[in-house]
Amino acid sequence: MTLVLGIETSCDETAAAVVADDRRILSNVVLSQIEDHRAFGGVVPEIAARAHVSALDGLIRRALDEAGLALSAVDGIAATAGPGLIGGVIVGLVTAKALCAAAAKPLLAVNHLEGHALTPRLVSGMAFPYLLLLVSGGHCQLLVVAGVGRYRRLGTTIDDAIGEAFDKTAKLLDLGFPGGPAVERAAARGDAGRFSLPRPLAGRPGCDFSFSGLKTALRERAAALPQPLAAQDRADLAASFQDVVGALVIERTERAMGLSGKMPLVVAGGVAANGALRRRLEALAAQHGVPFVAPPPALCTDNGAMIAWAGLERLQLGLVDPLDVAPRARWPLDPLAAAPGAKA
Ligand code: KG4
Ligand code: ZN
């Protein structure tokens with residue numbers, strides 16, 4: 001049996017977990033920093049890094065205790081080495097290096113996006129290849145996942161990430177922080193047909209996304225209404241936003257399905273926790289006769305189990321890292337596709 005400890009500190013969750021090669025999650029401890037950032041309406045990198053420093057050692061202790069293991073019992077230690085907020089990434093990676101040095105364990109420097117990308121294999125044993133829609137706070141990409149470390153990017157956002165669009169919408173409509181779940185809750189009470197919003201890039205060739213025009217249109221629709229906005233107006237705007245984002249994602253994903261050839265469809269990343277989006281993707285996959293996998297919401301948002309699992313897959317292939325491996329703020333999964341102007 002192979003056991004890996006995973007550490008995640010790239011954004012505003014401090015997380016540690018232990019997973020086994022038979023896909024069991026022995027522990028998965030996540031400490032959200034939401035309260036630390038709420039007053040600022042967004043994640044403040046310096047506050048995040050300090051919060052990781054103060055919480056991480058206790059969290060690793062808890063993850064090992066809940067798994068019933070001593071550090072000496074794990075076969076490797078994985079940590080997010082990027083992409084993400086660099087202060088936080090450094091905290092997690094340096095901690096992992098220190099533990100590896102002290103306990104003589106191999107280090108696995110994991111790309112955070114690979115953690116999201118391989119989660120479907122932890123959840124359901126999904127075989128390669130599959131088409132991945134990666135939708136998170138920092139990204140919106142369509143990728144063919146051909147194997148560990150083998151990614152072909154078909155499309156990405158040319159401006160905002162999808163989670164960022166949800167978060168900005170929540171801020172604009174004063175729905176609270178974090179934005180994604182707040183927009184989803186408001187949208188459930190709203191009329192998606194009340195406001196017509198533009199669909200940036202819809203119908204255009206390729207699989208790239210754009211969300212910034214949508215944000216501007218939403219601000220204009222909101223400004224034209226009586227102020228302060230009534231609860232129903234905010235719910236209707238949230239519903240219209242979520243609906244048009246869903247339509248865009250479906251259109252782009254269907255295009256990617258045409259390019260990739262028939263393969264299972266997988267969604268991952270924090271925005272994959274959105275129920276409305278999951279239902280639309282499930283219907284799309286059914287329509288094309290391909291399997292659909294969406295990890296449970298707790299494994300869509302950032303967590304240590306996904307990092308431990310990606311580390312475990314790398315360890316099994318002998319892809320261990322030296323102790324001087326550098327943290328990276330940017331780190332595209334498919335370096336060949338890093339187009340100028342596009343987010344990594
Ligand atoms: O993957 P993740 O936890 O962190 C990153 O790697 O970015 O994703 C966080 C993003 C945030 O933008 C958050 O608002 C969004 O995921 N999110 C959601 C929902 N839950 C989280 N967006 C829409 N609907 C949700 N239910
Ligand atoms: Zn993430």
Side-chain angles (χ1 to χ4, degrees), residues 6-15 17 28 30-34 37-38 41-43 45 48 52 79-86 88-89 92 110-120 132-141 143 156-157 160-173 175-188 190 211 214-215 238-239 241-246 248-249 267-281 294-307 309-310 329-333 343-344:
I7 296 170
E8 159 59 33
T9 55
S10 68
C11 191
D12 60 340
E13 268 96 19
T14 317
N28 190 19
V30 182
L31 179 72
S32 166
Q33 301 176 0
I34 284 173
H37 301 287
R38 191 185 296 281
V43 177
H52 289 308
T80 297
L85 300 174
I86 195 69
V89 172
V110 170
N111 183 316
H112 178 86
L113 302 176
E114 182 160 63
H116 283 302
L118 299 179
T119 298
L132 171 72
L133 171 67
L134 179 59
V135 280
S136 73
H139 301 273
C140 187
Q141 307 189 3
L143 298 143
T156 188
T157 179
D160 291 349
I162 185 168
E164 205 177 341
F166 269 92
D167 294 335
K168 286 179 179 170
T169 296
K171 213 167 183 175
L172 174 76
L173 300 179
L175 295 171
F177 173 81
V183 169
E184 184 174 13
R185 277 195 303 276
F211 297 102
L214 194 52
K215 180 183 65 197
F241 165 82
Q242 186 173 270
D243 187 59
V244 81
V245 166
L248 273 171
V249 167
V267 63
V271 182
N274 186 283
L277 188 63
R278 289 162 84 100
R279 284 189 292 277
R280 289 178 88 149
L281 289 166
L299 292 176
C300 286
T301 48
D302 291 347
N303 63 83
M306 71 184 201
I307 302 304
W309 177 258
R330 290 198 161 218
W331 186 359
L333 272 182
K343 290 198 172 182

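Numbering starts at 1 and runs along the sequence shown. Start at 1 and go down the list; that is how both ligands and their atoms are numbered. Quantities reported herein were computed from a predicted structural model and do not represent experimental measurements. Because only heavy atoms are used, hydrogens play no part in the values below, and waters and symmetry mates are left out as well, while side chains stay in.
Distance check for Cys11 against the Zn ion (ligand 2): none of its N/O/S atoms falls below 2.8 Å. Under 2.8 Å from the Zn ion (ligand 2) lies an N/O/S atom of His112, whether from backbone or side chain.
A salt bridge does not link Asp167 to Lys215: none of the charged side-chain nitrogens sits closer than 4.0 Å to a carboxylate oxygen.
Of the protein's non-hydrogen atoms, Gly180 CA, 3.3 Å is the one closest to atom 22 (N) of ligand 1. Atom 13 (C) of ligand 1 has as its closest protein heavy atom Asp167 OD1, 3.8 Å. Counting protein heavy atoms only, atom 15 (C) of ligand 1 is closest to Val271 CG2, 3.8 Å. Atom 26 (N) of ligand 1 has as its closest protein heavy atom Glu184 OE1, 2.7 Å.
Rounding to the nearest 0.5 Å places SG of Cys140 at 10.5 Å from CG of Asp160.
Minimum heavy-atom separation, Ala238 to Ala186: CB-CB, 3.9 Å.
Taking every heavy atom of Gly138 and a limit of under 4.0 angstrom, the matching atoms of ligand 1 come to 7 (O). Remark: ligand 1 atoms within the under-4.0 Å shell around heavy atoms of His112 are 6 (O). For ligand 1 and Gly137, the ligand atoms under 4.0 Å from any heavy atom of the residue are 5 (C), 7 (O), 8 (O), 9 (C), 10 (C), 12 (O). Proximity to Thr301 (heavy-atom distance under 4.0 Å) selects the following atoms of ligand 1: 3 (O). Counting atoms of ligand 1 from 1 in the listed order, those under 4.0 Å from a heavy atom of Gly163 are 12 (O).
Between the side chain of Glu114 and the main chain of Ala310, no donor-acceptor pair closer than 3.5 Å is present. Using a distance-only test at 3.5 Å, with no hydrogens or angles considered, no donor-acceptor pair links the side chain of His112 to the main chain of Cys11. Looking only at distances, a side-chain donor or acceptor of Ser32 sits under 3.5 Å from a matching main-chain atom of Ile34. Side chain of Gln141 to main chain of Leu134: no donor-acceptor pair is present (N/O by atom type, distance under 3.5 Å, no hydrogens or angles). Side-chain atoms of Thr9 do not come within 3.5 Å of backbone N or O of Thr14 as any donor-acceptor pair. Between the side chain of Glu184 and the backbone N or O of Pro181, no donor-acceptor pair lies under 3.5 Å.
Asn28 places a side-chain heavy atom less than 4.5 Å from the side chain of Leu299.
Heavy-atom distances between Pro181 and ligand 1 reach below 4.0 Å in at least one pair. By the 4.0 Å heavy-atom criterion, His116 is counted among the residues contacting ligand 1.
Across the listed options Gly270, Ala268, Ala165, Gly270 owns the non-hydrogen atom lying nearest to atom 16 (O) of ligand 1. The closest heavy-atom contact to atom 4 (O) of ligand 1, among the options Val245, Asp302, Asn274, Asp12, comes from Asp302.
Asp302 contributes OD1 as its N, O or S atom closest to the Zn ion (ligand 2).
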